[in-house]
There are 2 protein chains.
Amino acid sequence: MRIGELAARAGTTTRTLRYYESRGLLSARRTGNGYRTYDESDLLLLRQIRTLQDFGFGLEETRPFVECLRAGHPEGDSCPASLQVYRRKLDELDALIGELSAVRAKVGEQLARAESARDVLAADAGVPGGPEPVCELGGEQP
Amino acid sequence: MRIGELAARAGTTTRTLRYYESRGLLSARRTGNGYRTYDESDLLLLRQIRTLQDFGFGLEETRPFVECLRAGHPEGDSCPASLQVYRRKLDELDALIGELSAVRAKVGEQLARAESARDVLAADAGVPGGPEPVCELGGEQP
DNA sequence: CCTTGCCTTGACGTCCGCGTCAAGGCTTAC
DNA sequence: GTAAGCCTTGACGCGGACGTCAAGGCAAGG
């Protein structure tokens with residue numbers, strides 16, 4: 001099949017395939033007129049790349065999987081190098097999730113603090129015998 | 001103070017400050033010779049931006065906080081628009097953490113599956129009366 | 001013959017938050 | 001005078017994974 005069909009079958013674009021080829025991840029035979037030609041194994045290879053991309057793997061991180069498939073292994077992750085990438089990714093994900101959770105907690109705190117501060121001001125403003133009005137809310141004109 | 005001192009006191013660079021200014025987040029008075037001049041309130045403003053940046057906020061997301069401070073409020077999050085940004089960020093963080101957790105689970109599954117497949121092959125290869133050797137491991141030469 | 005729809009290479013644009021270099025001006029110290 | 005150490009604007013670079021446009025070739029249908 002040609003590049004357009006392969007792209008369509010993998011749910012991506014021809015530009016992407018040419019980009020992968022430029023990065024050495026995908027190779028293509030050529031027909032007489034210079035058109036790229038692919039077979040079913042290329043589709044499997046491409047699907048492997050796309051799956052990992054969807055997982056957030058960088059292109060370079062998919063390389064061991066690609067080479068593993070190219071070497072004739074049944075799965076892209078049948079090779080030790082691929083398993084190493086999995087493990088590294090798990091560590092990265094754990095670290096990232098941890099950081100994001102910490103940030104989430106801090107932002108949550110900030111929001112709670114800011115809202116309670118706002119509520120205090122609102123309550124003060126609403127209570128007739130309350131404290132002095134705060135300048136930023138605009139003083140009541142007598 | 002001039003730009004170099006402000007940058008140092010905020011733990012950032014002059015380039016960054018000029019960039020913020022170009023984005024309309026930071027403003028500067030000028031001395032006779034064209035040098036930028038800042039005061040303490042600019043430092044507070046800058047610290048607000050930096051704190052949010054450290055949280056992973058985009059520059060545009062810091063704008064409401066900056067404008068809130070500029071309007072004379074005691075904190076950058078004393079304004080409703082800032083609280084909205086907090087809430088939006090919390091939602092984004094929750095969504096992102098959720099996605100990353102899902103990916104982590106899938107990658108973990110893939111790793112476990114690939115490792116067990118590898119172990120099965122290794123066990124097969126190690127057992128004398130086991131199954132036929134698999135081609136991808138290289139057949140034993142008689 | 002002409003259009004349509006594939007394909008080719010090459011090259012620049014995108015997003016973001018700056019880093020880095022260039023070329024020059026001001027001020028202060030020696 | 002001159003060297004050091006600030007400052008100015010302008011402009012290009014980066015990383016990642018492509019999008020998009022340009023200019024043209026090839027094949028098939030009417």
Side-chain angles (χ1 to χ4, degrees), chain A residues 1-39 42 45-66 85 88-89 92-93 96 99-100 103, chain B residues 1-39 42 45-63 65-66 85 88-89 92 96 99-100 103:
Chain A
M1 84 195 87
R2 289 180 305 181
I3 195 169
E5 187 182 346
L6 178 59
R9 289 181 63 185
T12 183
T13 68
T14 60
R15 177 71 182 88
T16 296
L17 302 199
R18 281 189 272 258
Y19 177 63
Y20 289 173
E21 185 175 338
S22 79
R23 305 274 83 192
L25 286 171
L26 202 60
S27 58
R29 270 68 55 195
R30 298 291 184 125
T31 63
N33 55 18
Y35 286 11
R36 289 173 178 82
T37 308
Y38 304 90
D39 55 26
D42 291 315
L45 218 145
L46 185 49
R47 281 207 221 275
Q48 171 75 81
I49 298 176
R50 291 265 95 199
T51 299
L52 295 175
Q53 286 275 89
D54 289 346
F55 282 172
F57 284 53
L59 262 190
E60 280 308 313
E61 293 176 318
T62 72
R63 197 176 294 277
F65 296 80
V66 169
V85 173
R88 211 157 39 75
K89 208 65 190 178
E92 285 178 22
L93 283 167
L96 185 54
E99 288 172 18
L100 289 176
V103 167
Chain B
M1 85 196 87
R2 290 180 303 182
I3 195 170
E5 187 183 345
L6 178 59
R9 289 182 63 184
T12 182
T13 68
T14 61
R15 178 70 182 89
T16 297
L17 301 200
R18 281 190 272 257
Y19 178 63
Y20 289 171
E21 184 175 338
S22 79
R23 304 275 85 192
L25 287 171
L26 202 58
S27 58
R29 270 68 55 195
R30 298 293 184 127
T31 61
N33 56 17
Y35 286 12
R36 290 172 178 82
T37 309
Y38 304 90
D39 56 27
D42 292 314
L45 218 146
L46 185 49
R47 283 205 221 275
Q48 172 76 80
I49 299 176
R50 292 265 95 198
T51 299
L52 295 175
Q53 285 274 90
D54 289 346
F55 282 170
F57 284 53
L59 264 190
E60 279 309 313
E61 292 176 319
T62 71
R63 197 177 293 278
F65 295 80
V66 169
V85 174
R88 211 157 40 75
K89 207 66 191 178
E92 286 178 22
L96 185 54
E99 289 171 16
L100 289 176
V103 167

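Each chain gets a letter, A, B and so on, in the order its sequence line appears, and its residues count up from 1.
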Taking every non-hydrogen atom, the tightest pair across [X] and [Y]:
X       : Y       : result
A:Val85 : A:Pro64 : CG2-CG, 3.8 Å
A:Ser27 : A:Asp42 : O-OD1, 3.9 Å
B:Tyr38 : B:Ala28 : CE2-CB, 3.6 Å

Below 4.0 angstrom, which residues in residues 49-58 of chain B have at least one non-hydrogen atom near DNA chain C?
B:Arg50, B:Gln53, B:Gly58
To the nearest angstrom, how far is B:Glu60 atom CD from C:dC18 atom P?
13 Å
A:Arg18 atom CZ is separated from C:dC6 atom P, nearest whole Å, by 13 Å
Non-neighbouring partners of A:Arg18 that pass salt bridge (Lys or Arg N to Asp or Glu O under 4.0 Å), sequence neighbours left out
none
How would you list, by chain and number, every residue that makes a salt bridge (Lys or Arg N to Asp or Glu O under 4.0 Å) with A:Arg88, sequence neighbours excluded?
A:Glu61, A:Glu92
Within residues 4-13 of chain A or reaching into it, pairs that qualify as salt bridge (Lys or Arg N to Asp or Glu O under 4.0 Å) - sequence neighbours excluded:
A:Arg9-A:Glu40
Which residues share a side-chain hydrogen bond (donor to acceptor under 3.5 Å, both in side chains) with A:Glu21, sequence neighbours left out:
A:Arg36
Which residues pass the side-chain hydrogen bond (donor to acceptor under 3.5 Å, both in side chains) test with A:Arg50, sequence neighbours left out?
A:Tyr20
Output the distance between atom CG (A:Leu46) and atom CD (A:Gln53), rounded to the nearest 0.5 Å.
10.0 Å
Please round to the nearest 0.5 Å and tell me the distance separating atom CE of A:Met1 and atom CG of A:Asp39.
6.5 Å
Set of side-chain contact (heavy atoms from CB on, under 4.5 Å) partners for [X], sequence neighbours left out:
X       : value
B:Val66 : B:Leu25, B:Leu45, B:Ile49, B:Thr62, B:Arg70
A:Asn33 : A:Thr31, A:Tyr35
A:Arg15 : A:Thr13, A:Tyr19

Taking DNA chain D as the partner, which of residues 19-34 of chain A come within under 4.0 angstrom of it by heavy atom?
A:Tyr19, A:Tyr20, A:Asn33
Give the angle between the helix axes at the two ends of the helix from C:dC1-D:dG30 to C:dC30-D:dG1, taking five base pairs at each end and rounding to 10°.
40°
Sorted by position of nearest nucleotide on DNA chain D, 5' first, the leading residue of B:Ile3 and B:Arg15 is B:Ile3
Mind checking which nucleotides bracket the chain A contacts on DNA chain D, 5' to 3', with an atom under 4.0 Å from a heavy atom?
D:dA17 to D:dA27
Considering just the side-chain nitrogens and oxygens of B:Thr13, establish if one lies under 4.0 Å of OP1 or OP2 belonging to C:dG19.
yes
